[in-house]
Amino acid sequence: MFDHPALLQLTRSVVRIGRLRSTLGLLGWDQETMMPPAGTPSRAAAIGDLTEVVHRMATAPELGDQLAAAEAVCRTGEDLDAKALCREVRRDYDRACKVPPELAEEIARTASEAQSKWAAARAQDDFESFRPYLEKLLVLKRREAEAIGSGWATGGTPSAYDVMLDEYEPGFTAVHVQGLVDQVKPWLVELVAHYAPISARTPALAGPFDVERQRKFGLEVIRRMGFDFERGRLDLSTHPFCSGISPRDVRLTARYDNSTIESLFTLVHEAGHGLYEQGLDWNWEGTPLAAAVSLGIHESQSRMWENIVARGRPFWTFFLPQLQAEFPHLQGLGLGALLRAVNRVQPSLIRVEADEVTYNLHVMLRFELERQLVAGEVAVADLPGIWKERMRADLGLVPPTDREGVLQDIHWSFGAFGYFPTYFLGNLFAAQIYAAAQRELPGLEDGIAAGELTPLREWLRAGIHVHGARYSADELCQRVTGARLDPGVFRSYLEGKLRTVLG
Ligand code: ZN
């Protein structure tokens, strides 16, 4: 903690806001896991009121004064923690204050309405009923981006999309992401063309997979990953997620389906997020120094565990016998056959069900479309048609309905434009960070093959988790891997794995 009164004062205010935000997180977790259905209206009202209180505190002029005083102290000192705190608080404060309260309120109201219209439109496969709400939301979010973008800290005038992206992935711009997409997409499309026919001849693992046994097996896996149940728990929910209430209270949720073991990978994914949250420094709880740096880095943690570790040979060298003990009908299954089954490459319509390779194509499509939407180059009314065209071009499939096309994801319905690229960036970061772990931890994979997963967790904790938002994603990447984000590492990883697993 800090000695200087100005820094202490700012920290105290920030922690108070942080505690209320984590309370909001807890209300949200409860709503998805425990709350009886009839509780919805009271919960919505409680969340609405508390959100308003938090917003008022986060935009209070007193906070601005405290921040200015702390910044004055930082200018003369060399305390990196203090500088990082001021930088991050300034970012949030400016973002929140630049948006006129009436606009913020109108966005919140429209987003909540649009989200319920989207749910109904998706259920009825009726894009037209959702269209006017999406159009309105887009106009409002553009206005918000213009307000935030004026007097942009990094100089120059950012595009509206840059401002939106910056909310989730600070420091990245649309042009940078587009550059990465342009480098990766062509070889990804080739990879799919090459491996999809091979995968089509590989059957998925046949069930049934008793749900209680899946739960038991999954628990053993995440225990070995080092997920700490003294500081975390696992419950059921319709959509699996990880909620970091604090580094000492991290909630995972899972959903099981007895026809497949895919829920295991989802659980490992959420546990990867959970390890990040548990690895944050609780001494700084409530401040940006104990908060994830970006969604891309968060996603790199979940995807590394899910795809690189848990779909890899070392992992299954250890876990296949245990899987077979739980599910005796897999007794005759060899390691090679299992790896082929869990690494199939198959174009499909739904992003959240996509494999490790085609997943990126789903995300790129959304990124390119939302970028054009925000720039006004594509009209909302034309979305369903363009979606189908691009699905045909990129994945060779045309969704028969909008339900399986443009209406499938929730993000746009609450105005989260600029969110999708973080999934793709997460995959790139994951490959590069894991490659660095392999260099720095000799015997890493021999250890994994012996069921020792915690050395990787420890390494990630020391290099990434404990720093919170002290460094930008770009700086963190350079510190941990010795280089800036390089999609070539992702390419070698993916091509290498598919060659060894699928031939
Ligand atoms: Zn995730």
Side-chain angles (χ1 to χ4, degrees), residues 1-2 4 6-22 24-25 54-99 148-149 151-155 158 162-173 244-247 276-277 279-301 418-419 422 425 429 463-480:
M1 277 295 158
F2 305 113
H4 199 287
L7 290 168
L8 269 177
Q9 175 76 271
L10 177 67
T11 308
R12 242 180 260 136
S13 301
V14 166
V15 165
R16 206 170 298 137
I17 297 169
R19 285 202 190 110
L20 292 182
R21 284 204 173 115
S22 88
L24 273 170
V54 172
H55 182 75
R56 217 178 307 130
M57 290 168 74
T59 53
E62 304 84 76
L63 182 66
D65 295 343
Q66 292 169 4
L67 178 55
E71 284 171 334
V73 174
C74 285
R75 269 191 286 277
T76 53
E78 278 309 312
D79 187 334
L80 290 180
D81 286 347
K83 284 181 194 291
L85 179 79
C86 288
R87 185 192 65 228
E88 292 301 309
V89 175
R90 167 61 65 196
R91 196 185 115 75
D92 287 350
Y93 186 73
D94 283 355
R95 271 197 93 101
C97 290
K98 280 184 183 172
V99 184
I148 296 171
W152 198 239
T154 48
D162 285 338
V163 177
M164 296 175 186
L165 174 64
D166 191 81
E167 181 174 354
Y168 308 108
E169 201 58 43
F172 275 71
T173 63
I245 309 299
S246 95
Y276 189 1
E277 293 289 331
L280 296 165
D281 182 354
W282 57 262
N283 288 302
W284 292 101
E285 194 174 300
T287 78
L289 303 180
V293 52
S294 75
L295 291 191
I297 294 293
H298 225 311
E299 207 58 17
S300 77
Q301 302 304 289
Y419 192 113
T422 66
L425 294 172
F429 280 126
I464 295 173
H465 305 171
V466 79
H467 298 303
R470 252 179 213 89
Y471 307 106
S472 69
D474 181 43
E475 285 167 335
L476 200 59
C477 183
Q478 294 189 55
R479 285 175 63 94
V480 174

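Each side chain to side chain donor-acceptor pair (under 3.5 Å) pair with one or both residues in residues 67-85, not counting sequence neighbours, appears once here: Glu71-Arg90, Asp81-Arg470.
Closest non-hydrogen pair, Val54 versus Leu20, comes out as CG2-CB, 3.7 Å. Nearest heavy atoms, Val480 versus Gly463: CG2-O, 3.4 Å. Closest non-hydrogen pair, Pro158 versus Val163, comes out as CG-CG2, 3.6 Å. Nearest heavy-atom pair, Pro288 versus Val89, reported as atom, atom and distance to 0.1 Å: CG-CG2, 4.3 Å. Of all non-hydrogen atoms in Pro247 and Leu280, the two that sit nearest each other are CB-O, 3.6 Å. When all heavy atoms of Arg91 and Pro170 are compared, the pair lying nearest together is NH2-CG, 3.5 Å.
Rounded to the nearest 0.5 angstrom, Ser13 OG and Leu8 CG are separated by 10.5 Å. Of the inter-residue distances, the one linking Gln66 atom CD with Tyr93 atom OH reads 9.5 Å to the nearest 0.5 angstrom. Distance check: Ile148 CD1 to Arg95 CZ gives 4.0 Å after rounding to the nearest 0.5 Å. Here the CG atom belonging to Leu425 is positioned 14.0 Å from the OH atom belonging to Tyr168, to the nearest 0.5 angstrom. Atom CZ of Arg21 sits about 16.0 Å away from atom OG of Ser246, to the nearest 0.5 Å.
The backbone N or O of Phe172 lies less than 3.5 Å from no partner atom in the side chain of Asp166, so there is not a single donor-acceptor pair.
Listed by chain and number, the residues in a salt bridge (charged side-chain N to carboxylate O under 4.0 Å, His left out) with Asp162 amount to none (sequence neighbours excluded). Residues that satisfy the ring pair (Phe, Tyr, Trp, His ring centres under 6.0 Å) test with Tyr276, not counting sequence neighbours, are His298, His465. In this view, Val73 and His4, Ala6, Leu7 satisfy the side-chain contact (heavy atoms from CB on, under 4.5 Å) rule, not counting sequence neighbours. Applying the side chain to side chain donor-acceptor pair (under 3.5 Å) criterion to Thr422, with sequence neighbours excluded, gives no partner residue. Partners of Tyr471 by ring pair (Phe, Tyr, Trp, His ring centres under 6.0 Å), not counting sequence neighbours, listed by chain and number: His467. Judged as a side-chain contact (heavy atoms from CB on, under 4.5 Å), and not counting sequence neighbours, the contacts of Val15 are Thr11, Arg19, Thr287. For Glu169, the salt bridge (charged side-chain N to carboxylate O under 4.0 Å, His left out) test picks out no residue, with sequence neighbours left out. Scored by the side chain to side chain donor-acceptor pair (under 3.5 Å) test, Asp65 finds no partners at all (sequence neighbours excluded). For Glu285, the side chain to side chain donor-acceptor pair (under 3.5 Å) criterion is met by Arg248, not counting sequence neighbours. Glu167 is linked by a side chain to side chain donor-acceptor pair (under 3.5 Å) to nothing, counting only residues two or more places apart in sequence or in another chain.
Annotation: Leu80, atom CG; neighbour count of heavy atoms from other residues, nucleotides and ligands within 6.0 Å does not exceed 12.
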When you look at Leu10 and Phe2, which way does the side-chain contact (heavy atoms from CB on, under 4.5 Å) test go after all the steps?
CA-CA 10 Å; Leu10 177 67; Phe2 305 113; over 6 Å; no
Show every donor-acceptor pair shorter than 3.5 Å between a side-chain atom in residues 55-62 and any protein atom, with sequence neighbours excluded, or say none if there are none.
residue, atom, partner, partner atom, Å
Thr59, OG1, His55, O, 2.8
Thr59, OG1, Arg56, O, 3.4

